[in-house]
Amino acid sequence: MGKAAFRRGLGHGVPIALGYLSVAFAFGIQAAGGGLTPLQAVLISMTNLTSAGQVAGLSLMVAGAPLYEMALTQLVINLRYALMSLSLSQRLDAGMTTPWRALLAFGNTDEIFAVASSQPGEIGRAYLTGLICLPYVGWAGGTLLGAAAGALLPVLLTDALGIAIYGMFLAVILPPARSRRSVRLVVVAAAVMSCILRYAPAFSSISGGFSIILCAVSAAALGAWRFPVREAE
Amino acid sequence: MDAKTYCLYVLVMAGVTYLIRAIPLTLFQRKLNSPFIRSFLYYVPYAVLGAMTFPDVFTSAGAPAPSLLGTAAALLLAWRGKSMVVVALGACAAALCASLVLMLI
């Protein structure tokens, strides 16, 4: 059973890995541009596994910012993971002992969380381990390639790759939004609020990471209030 | 940047990011009872992804035209229930085509 679940996870990780390869590639180029060696760039990707946090962290590093600023920035940008981990914690099966939770928590990225949550029923350690494997390799490998050889690729191509990750997000949220009014409400509310926070001058001081938390909490609360979920779902 | 400074930065980055992920996942091992909290957590993935996708997707492929065309392609493919790979690559292809056309005219 564990083997089949692991393999199923591996398969579900393929599109994430492809997306990561391209996004990490862009990060690698940026890191090399900031003066980091390919090895230094890869080490960041292997220990952090987070796109927005790494991009922000890189610029702070290059600028020589104080360590407390680095810690605060990561906290604000990545706090959304706490929300995702909390959501995921309610879906794990009995085989997820504390050590496994502590280990697999490392791989709880936006995309892995999205795919894992879209699975029916409880989530086991074999499936989640399989799901994390390839994206991790893609993330580290993409960073290495980007840092070492990014300048060789035409801008036209690297620009186009930037949209890959969002295509993946849309593939996760649109089908359920189409078939269920409750999910549609939540997605539209989150998207509209996020656009308002971005473009309305009054909110220009709100950082990207904090804006995501604000929008997600409001939209999910709206959904829970208007369309409470029954146990069977 | 010397090796020690680099290591300190990476340690702080990685440590903070890991703790944010690990604390809720290891702390909440029991199912929460409140129907509201349960419903709230059920909607969190959709809300998070909705907020992360918009408006960033509109500027995700460089210039406005490729980004918008890529977005339109992604919306259409995803709405029709295509797999993640198809939607992601379709969006990239549409954006690339738009960039090429822009370059030629």
Side-chain angles (χ1 to χ4, degrees), chain A residues 15 19 40 44 47-48 50 53 57 61 67 70-71 74-75 78-83 85-87 89-90 98 101-102 105-106 108 114 117 156 159-164 166-175 178 183 186-187 190-191 194-195 198 212 215-216 219-221 223-224 228-229, chain B residues 1 6 8-10 12-14 16-18 20-26 28-29 31-32 35-36 38-57 60-62 66-67 70-71 74-75 78-79 81-85 87-88 90-92 95-96 99-100 103:
Chain A
Q40 286 178 326
I44 296 178
T47 52
N48 281 265
T50 164
M61 239 185 217
L67 284 173
M70 175 68 90
Q74 297 301 319
L75 184 67
N78 289 336
L79 202 58
R80 67 181 188 281
Y81 292 131
L83 208 56
S85 277
L86 185 59
S87 176
S89 77
Q90 301 296 303
T98 305
R101 285 171 182 251
F106 174 73
N108 187 19
S117 324
L156 216 60
D159 267 358
L161 287 175
I163 202 170
Y166 298 101
M168 235 169 65
F169 288 164
L170 287 171
V172 170
I173 55 178
L174 280 197
R178 184 182 176 179
V183 176
V186 170
V187 167
S194 174
C195 290
R198 175 71 55 85
I212 290 171
C215 299
V229 181
Chain B
M1 168 176 14
Y6 165 82
L8 275 175
Y9 273 133
V10 175
V12 169
M13 275 173 83
V16 171
T17 306
Y18 175 71
I20 293 170
R21 284 169 167 157
I23 290 172
L25 207 60
T26 46
F28 292 89
Q29 305 220 357
K31 302 274 186 239
L32 299 165
F36 180 81
R38 290 187 62 84
S39 304
F40 172 81
L41 292 176
Y42 170 82
Y43 289 121
V44 159
Y46 304 112
V48 169
L49 294 177
M52 288 188 66
T53 306
F54 300 97
D56 285 10
V57 67
S60 60
S67 303
T71 305
L75 284 172
W79 188 256
K82 302 289 179 208
S83 76
M84 284 195 291
V85 191
V87 178
C92 290
L96 189 62
S99 298
L100 285 172
M103 214 173 60

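As the structure is a prediction and not an experimental result, all values here were calculated from the model. Below, chain A is the first sequence line, B the second, and so on; all start at residue 1. Because only heavy atoms are used, hydrogens play no part in the values below, and waters and symmetry mates are left out as well, while side chains stay in.
In this structure, no portion of I23(B) lies under 4.5 Å from any heavy atom of chain A. In this structure, the portions of T98(A) lying under 4.5 Å from any heavy atom of chain B include both its backbone and its side chain. Proximity to chain A (any heavy atom under 4.5 Å) is restricted, for Y18(B), to the side chain, taken from C-beta onward. Both the backbone and the side chain of T71(B) have a heavy atom closer than 4.5 Å to some heavy atom of chain A.
In terms of heavy-atom pairs under 4.5 angstrom with chain B, the leader among V172(A), V187(A), L83(A) is L83(A). Between chain B and the options A220(A), G19(A), A216(A), the largest number of non-hydrogen pairs under 4.5 Å is found for A220(A). Interface summary for chain B: among A160(A), S117(A), G57(A), P175(A), the most heavy-atom pairs under 4.5 angstrom belong to A160(A). For chain A, the option among L41(B), V16(B), L25(B) with the highest count of heavy-atom pairs below 4.5 Å is L25(B). For the set T50(A), L75(A), D159(A), L79(A), the entry with the most heavy-atom pairs within less than 4.5 Å of chain B is D159(A). The most heavy-atom pairs under 4.5 Å with chain A, out of A22(B), P45(B), G62(B), come from P45(B). Put simply, of C215(A), A105(A), A219(A), the one with the most heavy-atom pairs under 4.5 Å next to chain B is A105(A). Contact tally against chain A (heavy-atom pairs below 4.5 Å) for L32(B), L75(B), V48(B): the top residue is L32(B). Note: A47(B) leads A95(B), S99(B), G50(B), A47(B) in heavy-atom pairs under 4.5 Å with chain A.
Judged as a side chain to side chain donor-acceptor pair (under 3.5 Å), and not counting sequence neighbours, S83(B) has no contacts.
Here the CD1-CG distance, from I20(B) to N78(A), works out to 5.0 Å after rounding to the nearest 0.5 Å. Here Q29(B) contributes atom CD and R101(A) contributes atom CZ; the two are 4.0 Å apart, rounded to the nearest 0.5 Å. Between the OG atom of S87(A) and the OH atom of Y43(B) there is a distance of 12.5 Å, given to the nearest 0.5 Å.
Of all non-hydrogen atoms in C92(B) and A164(A), the two that sit nearest each other are SG-CB, 3.7 Å. When every heavy atom of A224(A) is checked against every heavy atom of F36(B), the shortest pair comes out as CB-CE1, 3.6 Å. What you find for L49(B) and A114(A) is that their closest heavy atoms are CD1-CB, 3.4 Å. Heavy atoms only, all atoms of each residue included: S194(A) and P55(B) are closest at OG-CD, 3.5 Å. When all heavy atoms of S39(B) and V229(A) are compared, the closest pair comes out as OG-N, 2.8 Å. Taking each heavy atom of L174(A) and W79(B) in turn, the nearest pair found is CD1-N, 3.9 Å.
At least one donor-acceptor pair under 3.5 Å links the side chain of S85(A) to the backbone N or O of R21(B). Checking side-chain atoms of T53(B) against main-chain N and O of Y166(A) turns up no donor-acceptor pair under 3.5 Å. Listed for the T47(A) side chain is no donor-acceptor partner under 3.5 Å among the backbone atoms of A14(B).
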Would M61(A) and V10(B) satisfy side-chain contact (heavy atoms from CB on, under 4.5 Å), going step by step from the backbone distance to the final call?
CA-CA 9 Å; M61(A) 239 185 217; V10(B) 175; 3.7 Å; yes

Checking side-chain contact (heavy atoms from CB on, under 4.5 Å) for the pair I44(A)/Y6(B): CA distance, chi angles, key distance, verdict?
CA-CA 10 Å; I44(A) 296 178; Y6(B) 165 82; 3.8 Å; yes

Residues Q74(A), V12(B); criterion side-chain contact (heavy atoms from CB on, under 4.5 Å); working and verdict
CA-CA 9 Å; Q74(A) 297 301 319; V12(B) 169; 5.9 Å; no

Let's go through R198(A) and D56(B) carefully: what are the C-alpha distance in whole Å and the side-chain angles of both, what is the deciding distance for side-chain contact (heavy atoms from CB on, under 4.5 Å) to 0.1 Å, and is it a yes or a no?
CA-CA 9 Å; R198(A) 175 71 55 85; D56(B) 285 10; 2.5 Å; yes

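No side-chain heavy atom of V87(B) sits under 4.5 Å from any side-chain heavy atom of M168(A).
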